[in-house]
Amino acid sequence: MSIRSAAAIARAFASGGNGEKYRLLPFYIRKDGLWRSPEESAPVLDRGTPDPVDDVNGGGDRALRWQFPAAAAQVDVWFPIVHGPNGEDGALQGLLQLANVPFVGGGVLGSAVGMDKLAMKMAFAAAGLPQVAYRAVTRDQVWSNPCVFPKLCEDIEAELGYPCFVKPANLGSSVGIAKVRSRDELEKALDSAASYDRRIIVEAGVIAREVECAVLGNDRPEASVVGEITFKSDFYDYETKYTDGAADLFIPAQLPDAIAEQVRQRAIDAFLAVDCAGLGRVDFFYVEATGEVLINEINTLPGFTATSMYPQLWEASGVPFTQLVDRLIQLALERHGATP
Ligand SMILES: Nc1ncnc2c1ncn2[C@@H]1O[C@H](COP(=O)(O)OP(=O)(O)OP(=O)(O)O)[C@@H](O)[C@H]1O
Ligand SMILES: [Mg+2]
């Protein structure tokens, strides 16, 4: 997914007026942390698939992980396009901040808070944004003490009921997420989520339409039109997300004007609540039966292929893909203080 987003963004830097304005140097970061030079990275972009890595945690290339390709010194602005842990959670952003170079998107705080579903929900609650009922669970509660576990499950049943959703706090792409309808499923889902993350969140399930809004800007961000995702599967799980044709996007979403406006305003509030910058896609549950708009999450590095929601929402709001990447570079420079 990261490579597909990167390839779409690379094409946008070669088209329109961008071709004369920018020179693109791709850096592919292998799963084991090894950085590739632009010459080595270009084929990965063209091919669209990752380099094989024999041993992600292995020691073979360990010394090389402390070396960056020489071409890195030529870069004026970085555009991190690594979805998920390490790329979207502040780790890569911290490295770039330490090097004192401008980069696209949120900084360490915004990225980290946006990645951790528990920290994110706390920030949203503090900003007064309505969301589903939820509770935090730790791996320790699930695994360490057989006396605590049944009580934990009872509490969850009493507080949240069924169906509820069990999620590792820090993964994304619906990995490790389970919709559970019984005690047996709850126990299994908690055990599975604990294998992915020390921090787990359990949420009350809602019956709702899923609507999303794209945000662009720094301290005074703007919101796009609202889009909707529909699918036939039970929920928007990993397979539905990455199977062509399994989900449909509707832009703009068919919503009452007041609801669309509420979504747009809350998207901006959410963006500011977690200290996001540059770009962010904010996802909501619209409970049609009650008229409630509940915030689900913010993605600080949303999918960015030509058919992804984020660029399509801006396209529909009058900002074509080529202009969007240009705006993001300008916002990165502005935030870094490099422009007058
Ligand atoms: N509380 C809930 N009630 C109803 N459906 C839910 C709930 N939580 C999650 N879902 C369903 O599961 C899907 C995935 O959940 P969520 O968006 O929280 O995680 P994620 O997609 O893995 O995160 P990311 O978007 O960062 O990759 C949602 O799009 C929705 O279809
Ligand atoms: Mg999601």
Side-chain angles (χ1 to χ4, degrees), residues 1-2 5 82-90 105-106 110-121 123-124 129-137 156 159-181 185-186 189 192-193 196-197 199-215 227-243 246-249 253 267 270 274 276 279-290 292-305 308-310:
M1 182 66 181
S2 299
S5 291
V82 184
H83 301 299
N86 283 326
E88 197 174 337
D89 62 5
S111 304
V113 177
M115 188 73 193
D116 184 284
K117 290 185 194 294
L118 285 167
M120 175 168 67
K121 287 216 183 291
F124 290 160
L129 291 162
Q131 47 195 343
V132 296
Y134 71 95
R135 66 164 288 166
V137 176
I156 291 172
E159 276 173 45
L160 307 173
Y162 295 119
C164 59
F165 282 78
V166 178
K167 312 178 181 181
N170 281 285
L171 281 178
S173 299
S174 300
V175 176
I177 293 187
K179 179 176 181 177
V180 305
R181 299 167 191 79
E185 285 179 4
L186 176 63
S192 156
Y196 286 108
D197 202 338
R199 288 157 66 77
I200 299 162
I201 181 167
V202 186
E203 296 177 14
V206 285
I207 296 171
R209 289 166 65 183
E210 298 196 36
V211 297
E212 308 191 340
C213 183
V215 180
E228 177 168 10
I229 291 175
T230 63
F231 40 84
K232 294 215 167 60
S233 52
D234 190 25
F235 68 96
Y236 197 31
D237 56 10
Y238 185 88
E239 204 182 318
T240 311
K241 272 182 191 168
Y242 299 112
T243 308
D248 292 307
L249 310 190
V274 304
C276 200
L279 75 169
R281 195 195 73 225
V282 189
D283 302 347
F284 295 87
F285 296 124
Y286 170 44
V287 189
E288 219 168 4
T290 59
E292 282 171 298
V293 171
L294 306 172
I295 188 162
N296 174 26
E297 61 172 346
I298 185 166
N299 289 282
T300 57
L301 186 59
F304 218 124
T305 70
S308 297
M309 189 60 120
Y310 186 84

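Order of appearance sets the numbers: ligands from 1, and atoms from 1 within every ligand. For the numbers below, each heavy atom of this structure counts, side chains included, while hydrogens, waters and symmetry mates do not. Counting from 1, the numbers follow the sequence of the chain as shown.
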Among [options], whose heavy atom sits nearest [atom]?
atom	options	value
atom 9 (C) of ligand 1	R281, K167, E203, E297	K167
atom 10 (N) of ligand 1	F165, Y238, Y236	F165
atom 28 (C) of ligand 1	E210, K117, M115	E210

With nothing but distance in play, are any N or O atoms of V132 less than 3.5 Å from an N or O of ligand 1?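 By distance alone, the answer is no.
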Would A204 count as a polar contact of ligand 1, with the cut-off being nitrogen or oxygen pairs under 3.5 Å?
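Yes; at least one N/O pair falls below 3.5 Å.
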Please give me the minimum heavy-atom distance between [X] and [Y], naming the atom from each residue.
X	Y	answer
A253	G227	CB-C, 3.8 Å
L301	G87	CD2-O, 4.4 Å
R135	L160	CG-CD1, 4.1 Å
P168	G176	CD-O, 3.3 Å

Task: Contact check, Y134 vs ligand 1, heavy-atom distance below 4.0 Å - done: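 Distance cut 4.0 Å: Y134 fails for ligand 1.
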| field | K241 to ligand 1, any heavy atom closer than 4.0 Å | value |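 K241 counts as a contact of ligand 1 under the 4.0 Å cut-off.
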Query raised in the report: Charged N to carboxylate O below 4.0 Å: is that the case for E297 and K121?
Result: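 Between K121 and E297 there is no salt bridge, as every charged N stays at least 4.0 Å from the carboxylate O atoms.
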Charged N to carboxylate O under 4.0 angstrom, K232 versus D248?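 Looking at D248 together with K232, the answer is no, because their closest N to O distance does not fall below 4.0 Å.
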Sorted by chain and residue number, which protein N/O/S atoms are under 2.8 Å from the Mg ion (ligand 2)?
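N, O, S partners closer than 2.8 Å: E297 OE2.
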Evaluate side chain to side chain contact (heavy atoms under 4.5 Å, CB included) for L294 paired with V206, printing each intermediate quantity in order.
CA-CA 10 Å; L294 306 172; V206 285; 4.1 Å; yes
- Query: When you look at L171 and Y196, which way does the side chain to side chain contact (heavy atoms under 4.5 Å, CB included) test go after all the steps?
  - Reply: CA-CA 8 Å; L171 281 178; Y196 286 108; 3.5 Å; yes
Answer whether the closest heavy-atom distance between the side chains of R281 and V215 falls below 4.5 Å.
->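 No. Closest side-chain heavy atoms not under 4.5 Å.
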Just to be sure I read this right, does ligand 1 sit under 4.0 Å from the backbone of [X], its side chain, both, or neither, counting only heavy atoms?
X	answer
N299	side chain
D237	neither
I177	side chain

Show your working on ring-ring contact (aromatic ring centres under 6.0 Å, His included) between F165 and Y134 and close with a plain yes or no. CA-CA 9 Å; F165 282 78; Y134 71 95; over 10 Å; no
Margin query: Does E239 have more than 12 heavy atoms from other residues, nucleotides or ligands lying within 6.0 Å of its CD?
Written below: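 Incorrect, the count does not exceed 12.
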